[in-house]
Amino acid sequence: MRQITEDTLTDAVVARLKKADDPRFRQIMASAVKHLHAFAREVELTEEEWFEGIKFLTAVGQKCDDKRQEFILLSDILGLSMMIVALNHKTVPGATEATVLGPFFAHGAKEYEYGADLREGASMKGEDVYVSGRVLSLDGKPVPNALLDIWQAKADGIYDVQTEGEFELRGRVKANAKGDYAFKSYKPKFYSVPIDGPVGDLIRATGNHHMRPAHMHAIVSAPGYQPVITHVFVEGDPYLDGDAVFAVKESLIGKYRKVDDPAEAKRLGMPNPFIRLDWDFRLAADAGVKARKVIAPSDAVA
C-alpha cells in the first residue's frame, strides 16, 4: 500500500505484524498500536507535543542504572504496576493481598532465624519495633519453615540500595516449624518517592503529592503455597488515602502499638518502651498457579 492516509494507517501498521511468529507478541503489539493511534487521534497530538513525550521517555531511560529503575517508578505512579498486579494476582478469599514490588527490592539479603535483628549495621536509628506473627494456610494451619523477604526504607525515607549502604533493614527471615516468625527492626515512616528525575517532574506537573505512606515490604513463600508480594502499612499514617503508587489495601494496614513493660522488653531483648506489631500472613495453596517473578532493578537493566 503506497497511499496511506489517516484512515488506513492503523490497519497498515497492524498488517505488518502478521508475519511475527509469536501469537502473543502479535496480539500485544497490535493492541498497543491501535491504542496509541487512537490516543493520538483523540487528543489531536501535535508534533511538538509528541517530541516532548519522546524527550521525556528518553530521560526516563537515561535515569536508569543498576540501582535506579525509573521506568518501574513511572509504571508505579501511573497505576500501571497495580493494574498488572490486580489482573495477574487475584487474591483467593482469606489470603494476604498482593501489592506492588516497588523499585527497591534486592537479591542476596542475609538469611536470619526466628528473632532476627534487622537493625544490625543500620546507619541511622528509628523507633524500635518488634514484629512477630504466624504464616498460616487459609484454614488456619501453620505453614512450617516459610521464608519472609523483608525490607523497608530507613528513618530518612531512603532505601539502602539508593545509597552506598548495603542490606540495611533488609533480610530473609525464616519462620520456625510452627509457622511462627519474629524479628526486630525500626517502625517504618512515610517518605517521598524519588523526585529528582523525569518522573518527579511528571508528578509536579499533575499537582499531586509524591508521598508514600509508611510501610514494610514482604515477600512470603513456602513450598506448596502461592507466594505473595505485599506491604504492611502503618495505621493512622497521613498518606494512607493518597499513596503515590496506589498500593494501599484496607486489609494490609497494621496496628503498631506502644509497649511499656520492662519485663516484656527484657524477655524479647528490646529497649523499654518499644513498639510492637503482631501480624499474620495467610497463603493460598499452590494449585499449579504460576509464581510471581521478582525482578530487581539490576535484572531490569541487564
Side-chain angles (χ1 to χ4, degrees), residues 10 13-14 17 20-40 42-43 53 57 60-61 64 69-105 107 135 137-138 148-149 151 193 199 202-203 206 208 210 212-213 215-222 224-233 239-253 281-302:
T10 303
V13 177
V14 171
L17 300 169
D21 293 331
D22 187 334
R24 179 62 173 165
F25 172 81
R26 289 198 306 271
Q27 179 188 13
I28 292 172
M29 286 301 300
S31 183
V33 168
K34 291 174 183 177
H35 283 284
L36 284 170
H37 286 208
F39 154 71
E42 179 182 341
V43 301
L57 293 174
V60 170
C64 298
Q69 231 305 334
E70 194 80 353
F71 268 110
I72 293 178
L73 181 60
L74 177 61
S75 174
D76 287 351
I77 68 101
L78 292 178
L80 182 58
S81 296
M82 274 306 300
M83 176 59 73
I84 293 172
V85 169
L87 290 171
N88 289 275
H89 304 282
K90 301 184 188 303
T91 305
V92 176
T96 297
E97 293 191 272
T99 188
V100 293
L101 175 68
F104 301 122
F105 172 79
H107 294 291
V135 181
S137 63
L138 295 187
L148 295 83
D149 265 289
W151 72 102
V193 299
V199 173
L202 176 63
I203 294 172
T206 68
N208 294 313
H210 43 80
R212 293 221 61 205
H215 60 278
M216 172 186 77
H217 292 266
I219 302 174
V220 186
S221 59
Y225 293 87
Q226 297 178 34
V228 62
I229 297 174
T230 191
H231 290 15
V232 181
F233 295 94
Y239 296 104
L240 286 173
D241 294 320
D243 183 9
V245 307
F246 309 97
V248 175
K249 295 176 182 289
E250 195 68 33
S251 70
L252 301 180
I253 299 174
F281 294 96
R282 290 182 178 268
L283 303 181
D286 189 339
V289 176
K290 183 179 179 181
R292 183 174 173 189
K293 186 177 181 181
V294 178
I295 301 176
S298 57
D299 300 324
V301 299

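In terms of the side-chain hydrogen bond (donor to acceptor under 3.5 Å, both in side chains) criterion, Ser31 has no residue partners (sequence neighbours excluded). A search for side-chain hydrogen bond (donor to acceptor under 3.5 Å, both in side chains) contacts involving His231 returns Arg212, not counting sequence neighbours. With sequence neighbours excluded, the residues forming a side-chain contact (heavy atoms from CB on, under 4.5 Å) with Ala20 are Phe25, Arg26, listed by chain and number.
Once rounded to the nearest 0.5 Å, the distance linking NZ of Lys249 with OG1 of Thr91 reads 6.0 Å. Atom CD1 of Ile77 is separated from atom CG of Asn208 by 9.0 Å, given to the nearest 0.5 angstrom. A distance of 6.5 Å separates SG of Cys64 from CD of Glu70, quoted to the nearest 0.5 Å. Taken from CG in Asp149 to NE2 in His107, the straight-line distance is 9.0 Å, to the nearest 0.5 Å. In this structure, Leu80 CG and Ile72 CD1 are separated by 11.5 Å, a value rounded to the nearest 0.5 Å. Taking CE of Met83 as the reference point, atom CG of Asn88 lies at 11.5 Å (rounded to 0.5 Å).
Using the six-membered ring where Trp is involved, Phe105 and Trp151 have ring planes that are perpendicular, over 60° apart on the 30 and 60° scheme.
The closest side-chain heavy-atom distance from Leu148 to Ile219 is not below 4.5 Å. Side-chain contact between Pro103 and Asp76 is present, with heavy atoms from C-beta onward closer than 4.5 Å. Side-chain contact between Val193 and Ile203 is present, with heavy atoms from C-beta onward closer than 4.5 Å.
Heavy-atom minimum distance, Ser251 versus Glu97: OG-OE1, 2.5 Å. Taking each heavy atom of Leu240 and Phe233 in turn, the nearest pair found is CD2-CB, 3.8 Å. Pairing each heavy atom of Asp22 with each of Arg24, the nearest pair is OD1-N, 2.9 Å. Scanning all heavy atoms of the two residues, the minimum distance from Met82 to Val100 falls at SD-CG1, 3.4 Å. The two residues Pro227 and Ser221 come nearest to each other via the heavy atoms CB-CB, 3.9 Å. Across every non-hydrogen atom of Val248 and Pro213, the tightest pair is CG2-CG, 3.8 Å.
With hydrogens and angles disregarded, no donor-acceptor distance shorter than 3.5 Å links the side chain of Thr96 to the backbone of Phe281. Side-chain atoms of Gln226 come within 3.5 Å of backbone atoms of Ala285 as a donor-acceptor pair (strictly under, hydrogens ignored). Panel note: side chain Ser75, backbone Ser81; a donor-acceptor pair is recorded below 3.5 Å. For Thr99 (side chain) and Ala247 (main-chain N/O), a donor-acceptor pair under 3.5 Å exists by modelled atom type.
Open room surrounds CG on Asp241; 12 or fewer heavy atoms of other groups in view lie less than 6.0 Å from it.
Side-chain contact annotation: His217 with His215, donor-acceptor N/O pair under 3.5 Å present.
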Inset, instruction - Would you check, one step at a time, whether the test side-chain contact (heavy atoms from CB on, under 4.5 Å) holds for Leu57 with Phe71? - result: CA-CA 9 Å; Leu57 293 174; Phe71 268 110; 4.3 Å; yes
